[in-house]
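Note that the numbering runs from 1 along the sequence shown for the chain. Only heavy atoms go into these numbers, but all of them, side chains included; no hydrogens, no water, no symmetry mates.
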Amino acid sequence: MEKKKEKILVIDDDTAVLNCIKLSLQDLGHYSITVCDDPKQALQILQTQDFATVISDVNMPVISGLDILKEVKFIDEKLPVILITGNTETEILRQAIHLGVYEFLKKPFEMSDLIIMVKQAVETHQLRVQNEQYRNHLESLVQQRTLELFAAKSKLEKSYLNTIHAMVNAMEVNDLYTRGHSERVTAISMRIGKILKLSIDELRQLRIGALLHDLGKIGIISNVLNKEQSLTDTEYALIKQHPIIGAKIIGPIGLPDTISKIILQHHEWANGGGYPYGIALDDIHPLARIVSVADSFDAMTSMRPYRSNISYQDAVNEISLNIQKQFDPLVGTTFTENQRNILSVLKDKDALKDLLQESF
C-alpha cells in the first residue's frame, strides 16, 4: 500500500521561487505540494484543506508572512510554519518567534537546507498530531472512567443510605413513641444546614449523623424507653449512655469522624450542662449543634409515654428562651427566625422524602 503523501503549502508572490520549491520537494516523492502566489487565496485554502507544513515568504504585499503565521496559529496550532525572509530586522524576528514560527530560512538559501527543514517540520507535525490524539484519547478514557466511578459511587451511596435507614428502622421498632423521629430531625437539620450555607460534604455528613443520632437506643432495653412513669436515676443514667453506644456501633464502619461527633454530642449543652461528657459550646461540633436544636424541637412536639407533647410555637419559644444556655446562638436564632420555612417540610410528605433522599 502506497504511503500517504504529506501536503505542503508554499506561499510566495514570486512565482519563480514557488516553482523552484515545488519542483525540488516534489522530486523527493514524499510530499504533495500546493503553491499559491496570492496570500489572501492561500488563507482560504488553509480554511478548507489540511496540511503538514506551511512555507511562506515574509515580505508580500497586503498580507505578509507574519499575517499568514498569525492566521495559521488560529486555524491549527499544530501546523509548523517556515518563514523565508531576506530581512534580518530584529523586530520582525521577535514577532515571528512570539507568534510561534517553526523555523526561519534566510535568503539566499540552499535547497538542501529547505529539504532538511521541511522533513523536520513534517515529522514535528506528525508528533503533534499523535500527541493530540493521545491526549484526546486519554481525556476520553478519564471522562469514561469518571462516569463509571460516579455511577458506582452513586449506587454504593444509595445502598449505604438504605442500610442506614434499615438501622434507623431497627432502632425505632424498639421505641414505639419515636417512630419517624430520626427522619423528622434529619429534615429539620438539613433545612437549617442549607440556610446556613453548609458545603455539600457537610450536608452529607449532617444527613447521616442526624439519621443515626439516636442509634444507641438499640442498646437500651425497651421497657426503659417506653416506661410511662418517671425514670429512676439509674434508668436515666442508662438513657444518657445512648450517644456513647451509638458512636461505638458505627465505629467499625469507617464513617467520617464528624458523624461520630454528631451522635456523641447532640445532647451536649452550650453552657456545659448536657451529657454524656458535659462539654461546652466551643467543644461541640457545629453539626452536632444543629442536630441538638432539631432533636429538641421534635422531642418537645412528639408524644411521650411520660408526658404530653406541646405545640410547634411553644417549642419554638422554648428553644428561643434557651439560646446560649442549651443551644448555639447562631443555630438557635436561625431556627427561630426561619421557623416557617424549616417546619414546612414536616407537613409535606413529598418534600420530606425528597430531602432525605436528595443527591448532592
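- Side-chain atoms of Asp67 come within 3.5 Å of backbone atoms of Ser64 as a donor-acceptor pair (strictly under, hydrogens ignored).
- Put simply, the side chain of Ser296 gets close to the backbone of Ser292: a donor and an acceptor are under 3.5 Å apart.
- Taking hydrophobic clusters as Ile, Leu, Val, Met, Phe, Trp and Tyr residues chained together by side-chain heavy-atom distances below 4.5 Å, Val316 shares a cluster with Val331.
- Proximity of Ser302 to Asn309: side-chain heavy atoms (C-beta onward) are nowhere separated by under 4.5 Å.
- The shortest non-hydrogen separation linking Ile284 to Ala270 is CD1-N, 4.3 Å.
- Taking both residues in full, the closest heavy atoms of Phe51 and Ile8 are given as CD2-C, 3.8 Å, listed atom of the first, atom of the second, then distance.
- Contact of the Val293 side chain with the Ile290 side chain is not registered, since no non-hydrogen atoms from C-beta on lie closer than 4.5 Å.
- Using cut-offs of 30° and 60° on the angle between ring planes, the pair His242 and Tyr275 is perpendicular.
- Gln324 approaches Pro329 most closely through the heavy-atom pair CG-CG, 3.4 Å.
- Distance check: Asp214 CG to Ile263 CD1 gives 9.5 Å after rounding to the nearest 0.5 Å.
- Annotation: the span from Ser199 atom OG to Lys197 atom NZ amounts to 13.0 Å, rounded to 0.5 Å.
- Note that the CD1 atom of Ile319 and the OG1 atom of Thr333 stand 11.0 Å from one another [nearest 0.5 Å].
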(message) Evaluate Arg191 against Ser344 for side chain to side chain donor-acceptor pair (under 3.5 Å), listing each step before the verdict.
(response) CA-CA 10 Å; Arg191 279 282 173 94; Ser344 64; 3.2 Å; yes
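- Under a hydrophobic-cluster definition in which Ile, Leu, Val, Met, Phe, Trp and Tyr are linked whenever side-chain heavy atoms come within less than 4.5 Å, directly or via other members, Leu127 and Leu138 are assigned to different clusters.
- Within the 4.5 Å cutoff, the side chain of Ile82 has no heavy atoms near those of the Ser56 side chain.
- At distances below 3.5 Å, not a single donor-acceptor pair connects side-chain atoms of Lys7 with backbone N or O atoms of Gln49.
- Heavy-atom contacts from other residues, nucleotides or ligands closer than 6.0 Å to NZ of Lys70 number 12 or fewer.
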(request) Mind running salt bridge (Lys or Arg N to Asp or Glu O under 4.0 Å) on Lys40 and Asp38 for me, showing each step along the way? (result) CA-CA 6 Å; Lys40 186 175 180 181; Asp38 180 353; over 6 Å; no
(request) Could you walk me through whether Lys119 and Glu123 pass salt bridge (Lys or Arg N to Asp or Glu O under 4.0 Å), step by step? (result) CA-CA 6 Å; Lys119 180 177 182 294; Glu123 290 174 350; 2.8 Å; yes
(message) Working note: Gln95 + Glu91, criterion side chain to side chain donor-acceptor pair (under 3.5 Å); need CA distance, chi angles, decisive distance, verdict.
(response) CA-CA 6 Å; Gln95 289 183 46; Glu91 179 59 22; 3.2 Å; yes
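- Ile208 and Ile250 fall within the same hydrophobic cluster, defined by Ile, Leu, Val, Met, Phe, Trp and Tyr side-chain heavy atoms under 4.5 Å apart, directly or through other members.
- Note that CD of Glu202 is 9.5 Å distant from CG of Leu196, once rounded to the nearest 0.5 Å.
- Proximity of a side-chain donor or acceptor of Asp314 to a complementary backbone N or O of Ile310 within less than 3.5 Å is not detected.
- Side-chain atoms of Gln205 and Asp201 form no donor-acceptor pair, as typed in the model, at a separation below 3.5 Å.
- Only one option out of Ile21, Leu25, Ile55 pairs with Ile33 in a side chain to side chain contact (heavy atoms under 4.5 Å, CB included); it is Leu25.
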(request) Show the numbers, then the answer: is there a side chain to side chain donor-acceptor pair (under 3.5 Å) between Glu71 and Gln47? (result) CA-CA 10 Å; Glu71 287 299 314; Gln47 293 283 359; 4.9 Å; no
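- A donor-acceptor pair is defined here as one N or O able to donate and one able to accept, closer than 3.5 Å; such a pair exists between the side chain of Arg289 and the backbone of Leu281.
- In this structure, the side chains of Asp57 and Val17 stay at 4.5 Å or more apart for every pair of heavy atoms.
- Between Val118 and Thr53, the shortest heavy-atom distance links the atoms O-OG1, 4.5 Å.
- Scanning all heavy atoms of the two residues, the minimum distance from Ala299 to His181 falls at N-CE1, 4.3 Å.
- Put simply, the side chain of Leu287 reaches to within 4.5 Å of the side chain of Leu198, judged on heavy atoms.
- A distance-only check finds no donor-acceptor pair linking the side chain of Asp295 to the backbone of Val291 [under 3.5 Å].
- No donor-acceptor contact under 3.5 angstrom links the side chains of Asp257 and Ser260, judged on distance only.
- Residues Ile63 and Leu43 form a side-chain contact, since some pair of their non-hydrogen atoms from C-beta on lies under 4.5 Å apart.
- Side-chain heavy atoms closer than 4.5 Å link hydrophobic residues (I, L, V, M, F, W, Y) into clusters, and following such links, possibly through other members, connects Leu66 to Val72.
- Between the side chain of Glu268 and the main chain of Ile279, a donor-acceptor pair closer than 3.5 Å is present.
- Counting non-hydrogen atoms of other residues, nucleotides and ligands closer than 6.0 Å to NZ of Lys78 gives a total above 12.
- Residue-environment remark: CD (Glu139) exceeds the threshold of 12 foreign heavy atoms within 6.0 Å.
- With a 6.0 Å radius and a threshold of 12 heavy atoms from other residues, nucleotides or ligands, Lys325 has its NZ atom at or below the threshold.
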(request) For Val54 and Tyr102, run side chain to side chain contact (heavy atoms under 4.5 Å, CB included): C-alpha distance rounded to whole Å, both residues' side-chain angles, the deciding distance at 0.1 Å, then the answer. (result) CA-CA 10 Å; Val54 173; Tyr102 176 75; over 6 Å; no
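- The CD atom of Gln313 sits 9.0 Å away from atom CG of Leu343, with the distance rounded to the nearest 0.5 Å.
- Under the 4.5 Å side-chain heavy-atom criterion for Ile, Leu, Val, Met, Phe, Trp and Tyr, Leu28 and Leu23 are members of distinct hydrophobic clusters.
- Panel note: side chain Gln339, backbone Thr336; a donor-acceptor pair is recorded below 3.5 Å.
- The ring of Phe327 has its center no closer than 6.0 angstrom to the ring center of Phe335.
- Leu105 places none of its side-chain heavy atoms less than 4.5 Å from the side chain of Leu83.
- Panel note: side chain Asn19, backbone Thr15; a donor-acceptor pair is recorded below 3.5 Å.
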(message) side chain to side chain donor-acceptor pair (under 3.5 Å) for His285 and His266? Distances and angles first, verdict last.
(response) CA-CA 9 Å; His285 194 281; His266 72 278; over 6 Å; no
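- Within the model, atoms CD1 of Ile259 and CG of Leu211 stand 10.0 Å from one another, a figure rounded to the nearest 0.5 Å.
- Of all non-hydrogen atoms in Leu330 and Thr334, the two that sit nearest each other are O-OG1, 2.7 Å.
- Residues Glu132 and Val129 fail the side-chain proximity criterion, which asks for heavy atoms closer than 4.5 Å.
- A donor-acceptor pair is defined here as one N or O able to donate and one able to accept, closer than 3.5 Å; such a pair exists between the side chain of Thr124 and the backbone of Gln120.
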